[in-house]
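A short worksheet on the structure shown next.
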Amino acid sequence: MLRGFDPLVDAAVRPYDTEAAGTRDAELARTIAELKLVKDEWEIAQLRGAIEATVRGFEDVARVLPADRGVSERLVEGVFNLRARHDGNGVGYSSIVGAGAHGTILHWIRNHGTTVPGELLLMDMGVEGPHLYTADVTRTVPVSGTFTPLQRQVYDIVYASQQAGIDSIKPGVGFKDVHRACMRVLAEGLHALGVLPVSVDEAMDKESTLYRRWSLHGFGHMLGTDVHDCAKARKEKYREGELDEGYVLTVEPGLYFQPEDDLVPAELRGIGIRIEDDVLVTPEGAVVLSTGLPRRADEVEAWLAAQREAGPRLP
Ligand code: GLY
Ligand code: MN
């Protein structure tokens, strides 16, 4: 199944030269993906460990992020990478470090920008632990230490959306229902900001989904040994299926106003905000595994101040 990685393995299995072999490979990939949906206790402990290391990595970054001058996105990437290599196997995926308008670009991994006091910094980073389980966490912080009123307004919409998604999670709930819970709050927030040219109901209509101009992506994905775990599961088992006890997934809504977006007021352009946490599905609902990093706006400000006060540290 994993052909092309190791010549010894390739030599030991039948060549991928018939439709039947291709079908068997696909069947195996699908079966494994679906078996991975439910995490057992050991796996959950691995994920918790990776998340704890990720929390330390975000703290390391906050401790070297100046409030009053710019630093390169690569400093952030490098500091987090040190923690990932030291406490874990490495990063679970290329770190996304988006200063200012770079935060509006999904999967911004060039990281050649510079932070600007007064602007936001979006960091999507995760440590992969020794057994390859990875965290996947995003925080968007105000470089100066304090959100402007407008940044805070957008942040609070994304926060409310994420909370609605988390609150909706429990066994038996459709993956798509979590998506709709998050997206409705984003659409309501966009309406409150005055940028939605239609009503919330019209924007949420399947034929329209106008809000997607600013939300860009789904609410989240399964998490495990792959950052986008279980991706080969059948849609009826995953994206069109229901959540079950033991699933671990991300909840990561965002709002993104591109710098050249003529449909929004100038002051919103270049603002990109995502909040991402990792949650475990239990009979009682979602348990957020990444509570080691605060996510409410005022708590993020207090956390940033406390890290800066503590100062830099080696792992
Ligand atoms: N954190 C990267 C992603 O979810 O795609
Ligand atoms: Mn993610």
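Every number for a ligand or one of its atoms is a count from 1 in the order of the listing.
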### Message
Looking at every heavy atom in both E276 and T138, which two are closest together, and how far apart are they?
### Response
OE1-OG1, 2.7 Å

### Query
Is the distance between the Mn ion (ligand 2) and the nearest N/O/S atom of H228 smaller than 2.8 Å?
no

### Task
May I ask you to check if any N/O/S atom from E252 comes under 2.8 Å of the Mn ion (ligand 2)?
yes

### Message
Taking the ring centre of each residue, are H217 and Y256 less than 6.0 Å apart?
### Response
yes

### Message
As a test of reading the structure, name the N/O/S atom of E276 that is nearest the Mn ion (ligand 2).
### Response
OE2

### Atom of D136 nearest the Mn ion (ligand 2) (restricted to N/O/S, atom name only)
OD2

### Query
Is it true that atom CD of E236 has more than 12 heavy atoms of other residues, nucleotides or ligands lying nearer than 6.0 Å?
yes

## Note on the structure
re atom 2 (C) of ligand 1, the protein heavy-atom contact at minimum distance is D124 OD2, 3.6 Å

### Message
As a check for students: among E252, M125, H228, E276, identify the option with a heavy atom nearest to atom 3 (C) of ligand 1.
### Response
H228

### Query
Which is it for W214 and D261 under the side chain to side chain donor-acceptor pair (under 3.5 Å) test, yes or no, and what are the steps along the way?
CA-CA 10 Å; W214 301 288; D261 189 344; 2.8 Å; yes

### Message
Please list, in number order, the atoms of ligand 1 under 4.0 Å from a heavy atom of H221.
### Response
4 (O)

### Message
Could you check whether any side-chain N or O of Y238 sits under 3.5 Å from a backbone N or O of M222, counting only pairs where one atom can act as donor and the other as acceptor?
### Response
yes

### Task
Answer yes or no for D136: is there a heavy-atom contact with ligand 1 below 4.0 Å?
yes

### Message
Run R63 and D60 through salt bridge (charged side-chain N to carboxylate O under 4.0 Å, His left out) and show every step you take.
### Response
CA-CA 5 Å; R63 287 165 182 235; D60 294 340; 5.3 Å; no

